[in-house]
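Along the sequence shown, residues carry numbers from 1.
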Amino acid sequence: MKQSGALVLSRWGMIAPFCAFLAACAQSPVPAGPAAHFQVSVVSLNPCTDAILAEVTTPGQLLAISHFSHDPAASSMEAVKAARFAETSGAVEEVAALAPDVVVASTFLDPATQQALRDMGMRVVMVPIPVDVATSEAQVRELADLAGNPDAGEALVARIESALANAASPAEEKPVPALVWESGGIVSGDHTLIADLLRRSGFANAAAARELSQADYLPLERMLAQPPRVIFTVGDARSQGDRMLSHPALDTLKGVARAPIDSALLWCGGPTIPRALKRLAQVRAAADQGQPAHFPNSVQRGVR
């Protein structure tokens, strides 16, 4: 018994310092903030936040993006960049298998899904659709801070500000009336990101002048009766539902330019803004030069 007791004491003497070390670690505060270089793992369930997080996270930090970003018709980011990340449908089981620290989603995320993810210990951050550039820049900074990479957020904001400066028209020039005409004849009203970008690149949203709100319907007859100087069409002219956007009657309009614009450039902020501004500045320059009703094919394809 004495030998056994001595052996126990001997072993305790060896492990006691290690236990004391673990206890000290447990009592130490968890590193917080970028200064500690603590980075959370993230899963994004929304194509708009996909694009931002791809810019402000470090390799391996963004565990998955939404499956929308792997679909060219729904993505707000370049296909090459999207291909670098795994995708998820957003099902609770899929997200749980990835075990992220944070799940970033839109404000449309189903409440039951929100609660299920929180119950499993994940933080859920919901980001609304930005209504203007200022909101988008705030979201960029928020997500960059969340990822522990504020400098990356500031770099992206600087790119946005540079694009705004490059797309701005001279202050003495009168804004060009323009209207974003989408599939089914609906328009983009004021208090939307694209309306803010139109204003900042030298256009005036003609939807507001017609007292039309977001997603209001504008029939072909009303467009023909009172056309703006520029019609941005959003849709596929080959689609039966979008044929109105390229109706032959529009060819008779004098002094009106039609320019397709990719739907992916309308709603998502962050890195989408510079691409959208590039397209708007291109169309503005062509309109100022008195282009005919149809832009050349090289312009019609738009910019993504």
Side-chain angles (χ1 to χ4, degrees), residues 47 68 71-76 78-79 167 169 173-268 272-273 275-304:
F68 297 108
D71 177 2
S75 179
S76 65
E78 298 90 340
S169 60
E173 289 189 9
K174 187 177 180 180
V176 175
L179 193 145
V180 178
W181 206 27
E182 301 179 57
S183 299
I186 66 173
V187 299
S188 295
D190 272 348
H191 309 297
T192 59
L193 178 59
I194 188 60
D196 192 25
L197 296 180
L198 285 171
R199 178 180 59 81
R200 290 169 177 267
S201 53
F203 294 98
N205 188 8
R210 296 166 180 265
E211 298 184 348
L212 295 173
S213 301
Q214 171 60 23
D216 277 352
Y217 172 65
L218 179 64
L220 176 64
E221 294 78 11
R222 288 185 61 191
M223 178 68 83
L224 294 171
Q226 190 184 4
R229 274 189 58 194
V230 175
I231 303 172
F232 288 100
T233 56
V234 186
D236 186 349
R238 298 167 296 180
S239 169
Q240 183 67 28
D242 294 344
R243 290 181 64 184
M244 180 175 67
L245 305 181
S246 57
H247 195 282
L250 295 168
D251 296 338
T252 65
L253 297 175
K254 303 298 183 182
V256 176
R258 295 210 311 278
I261 185 170
D262 200 309
S263 61
L265 302 179
L266 300 186
W267 310 115
C268 290
T272 306
I273 291 177
R275 302 203 312 273
L277 288 168
K278 181 179 180 180
R279 175 59 172 160
L280 295 177
Q282 177 190 38
V283 173
R284 173 65 196 263
D288 287 343
Q289 294 169 10
Q291 290 275 359
H294 282 291
F295 279 92
N297 288 335
S298 61
V299 180
Q300 283 191 347
R301 283 195 293 269
V303 176
R304 286 209 56 170

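Between Asp190 and Ala208, the shortest heavy-atom contact is OD2-CB, 3.1 Å. Between Pro228 and Pro177 the shortest heavy-atom distance is CB-O, 3.6 Å. Of all heavy-atom pairs spanning Ser188 and Gln214, the tightest one is CA-OE1, 3.3 Å. Closest approach of Ala259 and Val283 over heavy atoms only: CB-CG2, 3.8 Å. Taking every heavy atom of both residues into account, Val256 and Ile231 meet most closely at CG1-CD1, 3.9 Å. Annotation for Ala287 and Arg229: closest pair O-NH2, 3.3 Å, computed over non-hydrogen atoms.
In this structure a side-chain-to-backbone donor-acceptor pair under 3.5 Å is missing from Ser201 to Ala167. Remark: the backbone N or O of Leu218 is paired with a side-chain donor or acceptor of Trp181 at under 3.5 angstrom. Remark: the backbone N or O of Pro260 is paired with a side-chain donor or acceptor of Arg279 at under 3.5 angstrom.
Leu212 has its side chain within reach of Arg222: a pair of non-hydrogen atoms, C-beta onward, lies under 4.5 Å apart. With contacts defined as side-chain heavy-atom distances shorter than 4.5 Å, the pair Val180/Leu198 qualifies. Proximity of Phe232 to Ile194: side-chain heavy atoms (C-beta onward) are nowhere separated by under 4.5 Å. Between Ile261 and Leu280, some side-chain heavy-atom pair lies under the 4.5 Å cut-off. Using a 4.5 Å heavy-atom cutoff, the side chains of Leu179 and Met223 are in contact. The shortest distance between side-chain heavy atoms of Leu220 and Leu250 falls below 4.5 Å.
For Ala249, the side-chain contact (heavy atoms from CB on, under 4.5 Å) partners two or more places apart in sequence, or in a different chain, are Leu224, His247.
Rounding to the nearest 0.5 Å gives a distance of 9.0 Å between CG of Leu245 and CZ of Arg258. A distance of 8.5 Å separates CH2 of Trp267 from CG of Leu193, quoted to the nearest 0.5 Å. Interatomic distance, CG of Leu266 versus OG of Ser76, reported as 11.5 Å (0.5 Å rounding). Distance check: Lys174 NZ to Ser169 OG gives 13.0 Å after rounding to the nearest 0.5 Å. In this structure, OG1 on Thr233 lies 10.5 Å from CD on Glu182, to the nearest 0.5 angstrom.
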